[in-house]
Amino acid sequence: MKPEVRIFKDLEALSRAAADLFTEQAAQSIAERDRFLVALNGGGTPTRLFQLLATDFRDSVDWSKVHVFWGDERCVPPDDPGSSYGQAQDVLLSRVPIPDGNIHRIKGELGPPEASKAYSLILKQFASAPLDWPRFDLVYLGMGEDGHTASLFPGSAVDMSEPAVPVTAHYQDRPANRVSLTPVVFNSAHLVAFMATGEKKAQTVAEVLSDRYNPAPYPAQRIRPNNGRLIWLVDEAAASKLPEDL
């Protein structure tokens with residue numbers, strides 16, 4: 001199934017669409033399964049999404065049934081400025097009535113091998129048989145200018161069977177010491193939503209969304225849900241090199 005591409009004027013419009021997806025998927029998942037499993041992304045792009053979920057969309061979600069996970073994390077303490085958990089906690093989670101027990105962070109302070117093993121055990125607690133990990137209701141992912149997503153970088157192993165892996169090798173200018181979920185988890189999700197903004201990503205967006213499958217240098221191409229939906233939310237700048245008929 002080809003991905004659905006939605007193009008927005010700017011980050012604000014894109015973020016509101018991403019918040020709409022959150023509330024829609026939450027309502028549907030809670031109605032069908034009595035819980036909503038969502039994996040968040042880090043970096044600058046989702047900050048506005050988090051702000052909107054904590055304000056304009058706060059009362060549209062039954063937060064008592066939301067379980068929050070992360071697609072990847074830097075191996076730093078949770079109060080470190082580089083922590084994706086810390087970012088979401090500050091901007092979103094501390095501002096909504098979600099139970100502490102529903103927040104499932106990657107314990108980056110343990111270091112990559114230990115943190116990835118510990119997170120695999122957490123994932124297993126929410127597994128959807130016959131899988132050893134949950135079938136997420138919604139996964140948010142970003143993409144770097146180099147085509148990386150989560151902490152899956154160009155040149156990293158394409159075939160991974162583990163749900164979570166330590167990232168200890170340096171890729172280009174990216175520092176090591178991270179934990180990442182892997183495509184086997186992302187591709188099990190009901191819905192994966194990429195968020196990409198800015199002209200600097202336009203060429204990579206066009207390449208990743210082309211018919212040329214090249215997953216080694218473009219890890220974002222490894223994300224192809226097996227039995228779910230894939231949506232790309234992009235602003236006009238990031239979409240500027242896409243073919244008109246996409």
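Closest heavy-atom contact between P46 and M195: CA-CE, 4.3 Å. Residue S188 comes nearest to R135 through the heavy atom pair O-CG, 2.6 Å, listed as atom of the first residue, atom of the second, then distance. The two residues P225 and A189 have their closest heavy-atom pair at CB-O, 4.2 Å. Scanning both residues, V158 and A216, for their nearest heavy atoms gives CG2-CA, 3.9 Å. Residues P97 and R58 come closest through the heavy atom pair CD-NH2, 3.5 Å. Heavy-atom minimum distance, S60 versus T23: CB-CG2, 4.0 Å.
Of the possible polar contacts, none joining the K200 side chain to the E145 backbone as a donor-acceptor pair under 3.5 Å is found. Without hydrogens or angle criteria, T197 side chain to D235 main chain gives no donor-acceptor distance under 3.5 Å. Without hydrogens or angle criteria, E109 side chain to P78 main chain gives no donor-acceptor distance under 3.5 Å. Counting only distance, with no hydrogens or angles, the side chain of D10 and the backbone of A13 share a donor-acceptor pair below 3.5 Å. Side chain of N102 to backbone of S64: a donor-acceptor contact under 3.5 angstrom is found. In this structure a side-chain-to-backbone donor-acceptor pair under 3.5 Å is present from S94 to Q89. Judged by distance alone, with hydrogens and angles left aside, the side-chain atoms of R229 form no donor-acceptor pair with the main-chain N or O of L191 at under 3.5 Å. Checked by atom type and distance alone, the side chain of N187 pairs as donor or acceptor with a backbone atom of R224 at under 3.5 Å. In this structure, S15 contributes its side chain and L11 its backbone to a donor-acceptor pair below 3.5 Å. Side-chain atoms of D137 never come within 3.5 Å of backbone atoms of V38 as a donor-acceptor pair (strictly under, hydrogens ignored).
Atom CD of Q25 sits about 11.5 Å away from atom CG of L37, to the nearest 0.5 Å. Summarising the geometry, atom CD belonging to E4 is positioned 4.5 Å from atom CD1 belonging to I231; distances are rounded to the nearest 0.5 Å. From L230, atom CG reaches atom NZ of K2 across 11.0 Å, with rounding to the nearest 0.5 Å. A distance of 10.5 Å separates OG1 of T204 from CG of L209, quoted to the nearest 0.5 Å. In this structure, R95 CZ and T55 OG1 are separated by 9.5 Å, a value rounded to the nearest 0.5 Å. Rounding to the nearest 0.5 Å places CD of Q221 at 6.5 Å from CG of N214.
When side chains are defined from C-beta on, F69 does not count as touching L181, because their heavy atoms never get closer than 4.5 Å. Side-chain contact between V96 and V61 is absent, with no heavy-atom pair separated by less than 4.5 Å. Looking at I106 and Y85, their side chains never come closer than 4.5 Å, going by heavy atoms from C-beta outward. You'll find the side chain of S29 stays beyond 4.5 Å of the side chain of R35, heavy atoms only. Put simply, the side chain of L21 reaches to within 4.5 Å of the side chain of R6, judged on heavy atoms. Within the 4.5 Å cutoff, no side-chain heavy atoms of F186 are placed close to those of T149. Side-chain contact between L123 and P134: present, with at least one pair of heavy atoms (C-beta onward) separated by less than 4.5 Å. Contact of the K241 side chain with the V205 side chain is not registered, since no non-hydrogen atoms from C-beta on lie closer than 4.5 Å.
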Pair V179, C75 - check side-chain contact (heavy atoms from CB on, under 4.5 Å), show working. CA-CA 7 Å; V179 172; C75 285; 4.0 Å; yes
CA sep, side-chain torsions, deciding dist, call: L93, F50, side-chain contact (heavy atoms from CB on, under 4.5 Å): CA-CA 9 Å; L93 301 176; F50 297 163; over 6 Å; no
Give the intermediate values and the outcome of ring pair (Phe, Tyr, Trp, His ring centres under 6.0 Å) for residues W63 and F22. CA-CA 11 Å; W63 293 98; F22 188 103; 5.6 Å; yes
Begin from the C-alpha positions of F194 and I223 and carry the test side-chain contact (heavy atoms from CB on, under 4.5 Å) through to its verdict. CA-CA 10 Å; F194 272 93; I223 311 306; 3.9 Å; yes
For the pair D80 and R74, evaluate salt bridge (Lys or Arg N to Asp or Glu O under 4.0 Å) and give the outcome as yes or no after the intermediate values. CA-CA 10 Å; D80 187 279; R74 295 176 178 87; over 6 Å; no
Check step by step if side-chain contact (heavy atoms from CB on, under 4.5 Å) holds for R222 and S156. CA-CA 11 Å; R222 304 174 196 174; S156 61; 3.1 Å; yes
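A donor and an acceptor atom, one from each side chain of R33 and S128, are nowhere located under 3.5 Å apart.
Every pair passing salt bridge (Lys or Arg N to Asp or Glu O under 4.0 Å) that includes a residue from residues 40-49 is listed here, sequence neighbours excluded: E12-R48.
Exactly one of F136, F126, F36 qualifies for a ring-ring contact (aromatic ring centres under 6.0 Å, His included) with H67. That residue is F126.
Within 6.0 Å of the CG atom in D159, the count of heavy atoms belonging to other residues, nucleotides or ligands does not exceed 12. The number of heavy-atom neighbours closer than 6.0 Å to CD of E199, taken from other residues, nucleotides and ligands shown, is 12 or below.
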Acceptor/donor pairs from residues 112-122 side chains to any protein atom, 3.5 angstrom cut, sequence neighbours excluded:
from	atom 1	to	atom 2	distance (Å)
S116	OG	P112	O	3.1
S116	OG	P113	O	2.9
Y119	OH	W70	N	3.1
Y119	OH	H104	O	2.6
S120	OG	S116	O	3.0

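At a threshold of 4.5 Å between side-chain heavy atoms, the hydrophobic network of Ile, Leu, Val, Met, Phe, Trp and Tyr places I103 and L53 in one connected group.
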